[in-house]
2 protein chains.
Amino acid sequence: MGRRKIEITEVKDPNTKQVTFSKRRTGLFKKANELSILCKAEVAIVVFSPGNKPYSFGHPSVDVVAEKFLQYPKSNVAKSNDVQGNIPSDDIGNMDSLNLQLSQLQAQLREEQKKAGELDKRLKQQHSQNLECQHNAKDYFDAIQVSEYMLLLAKEPVVGKITKKR
Amino acid sequence: MGRRKIEITEVKDPNTKQVTFSKRRTGLFKKANELSILCKAEVAIVVFSPGNKPYSFGHPSVDVVAEKFLQYPKSNVAKSNDVQGNIPSDDIGNMDSLNLQLSQLQAQLREEQKKAGELDKRLKQQHSQNLECQHNAKDYFDAIQVSEYMLLLAKEPVVGKITKKR
DNA sequence: CCCCCTATCTATAACAA
DNA sequence: TTTGTTATAGATAGGGG
């Protein structure tokens, strides 16, 4: 597509590589945009440049398409199945579906947060319980030392003499 | 690029649309592949067909690139969303806004679920710790009883004096 | 990094299978 | 849904600002 045909292999010259990247990335995004319009398709592209900078294209947005993709059962990705796609592409323009999903998700989120909050609370309770228990255990342990010492004293009474009683 | 020039607007004929999608998707992925090789760039593409079926291209893989992208601070990402469409621009804003909210919520949900999972795990760990501690405490406690009893025994036989039993 | 130019190479529209 | 053919529209390599 240019003055000369090029081999599809890594471009060595850094400057040329950068120029090539810039031009081809633009072209790629343009093609993606055309595809999304011509076919009413959802498209998401993420590219990291040789300099490791991210560029993205998305219709309707990278996030939406990525989410949808992530939710897809991996085993079905290359095959035909539309069982649980949550946004029928025909619904673009109909925001009721989106709003419904939004409110459902928000409810779910609240539940999760509540759940997490309760778990956290229980964790803290249990932790203090744990501390208390450890404290008690230490007291008991100390008490044992005292008792054993008393025992010794009791066995070796006033006359600190011979009492090798076992 | 064909026998005739075409307008970039939704293809009406379903059959033509399907053919166009198939060919252009192939072309898009080919371009993406060339880009990734020529520039040693990481590329990920996800496309949903008019029939809502997912297709993807990734170098080294969709997941790797997506993961990297998601971890990037959003403010620094150069984004290029769709430029033109046949949807009234009023709606595009709203749709995008809704879609963005949706995806953000979903991401948040995933985080919450992960968090809850970890909390639960820690709760269980702590619980077993707790049980162990209580067990120890009981052992100590029993040991005290024994010691005290021994103390009594030690005191009473030798000198029948003080027997403040009980 | 951007834009311009243009000779050349590539993708693809329409049609057919 | 995909493949092949062919005429043509579109993308781009190389070079210059």
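Letters A, B, ... are given to chains in the order of the sequence lines, protein chains preceding strands, and every chain is numbered from 1.
When the shell of 6.0 Å around NZ of B:Lys68 is examined, it contains more than 12 heavy atoms from other residues, nucleotides or ligands.
Taking atom CZ of B:Arg24 as the reference point, atom P of C:dA14 lies 10 Å away to the nearest angstrom. Per the geometry, CD1 belonging to B:Ile8 stands 14 Å off P belonging to D:dA9, to the nearest Å. Taking atom NZ on A:Lys31 and atom C1' on C:dT10, their separation rounds to 9 Å, with Å as the unit. As a whole-Å value, the separation of B:Lys5 NZ from D:dG10 C1' is 10 Å. Whole-Å rounding puts the B:Phe21 CZ to D:dT1 P distance at 8 Å. Straight-line distance from the CG atom of A:Leu38 to the P atom of C:dA11: 17 Å, rounded to whole Å. As a whole-Å value, the separation of A:Glu7 CD from C:dT8 P is 18 Å. Atom CG in A:Asp13 sits about 10 Å away from atom P in D:dG14, given to the nearest Å.
Judged by closest nucleotide on DNA chain D, B:Val19 is the one of A:Arg3 and B:Val19 placed further toward the 5' end.
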**OP:** Apply side-chain contact (heavy atoms from CB on, under 4.5 Å) to B:Glu34 and A:Arg24, showing your working.
**Re:** CA-CA 9 Å; B:Glu34 292 181 352; A:Arg24 279 179 174 264; 2.9 Å; yes
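Within 4.0 Å (heavy atoms only), B:Lys23 reaches at least one base atom of the nucleic acid. Residue A:Ser22 is classed as a sugar-phosphate contact, given heavy-atom separations below 4.0 Å to backbone atoms only. Residue contacts shown for B:Asn15 include a base, since a base heavy atom lies under 4.0 Å away.
Taking the side chain of A:Met1 as heavy atoms from C-beta on, and the options D:dA13, D:dA9, D:dT12, the nearest nucleotide is D:dT12.
In this structure, the side chain of B:Ser61 does not engage the main chain of B:Gly58 through any donor-acceptor pair within 3.5 Å. Remark: the backbone N or O of B:Val19 is not paired with any side-chain donor or acceptor of B:Ser22 at under 3.5 angstrom.
Not one side-chain nitrogen or oxygen of A:Arg4 sits closer than 4.0 Å to the OP1 or OP2 atom of D:dT12. A sub-4.0 Å separation between OP1 or OP2 of C:dA11 and a side-chain N or O of B:Lys30 is present.
Taking both residues in full, the closest heavy atoms of A:Ala32 and B:Leu28 are given as N-CD1, 3.7 Å, listed atom of the first, atom of the second, then distance.
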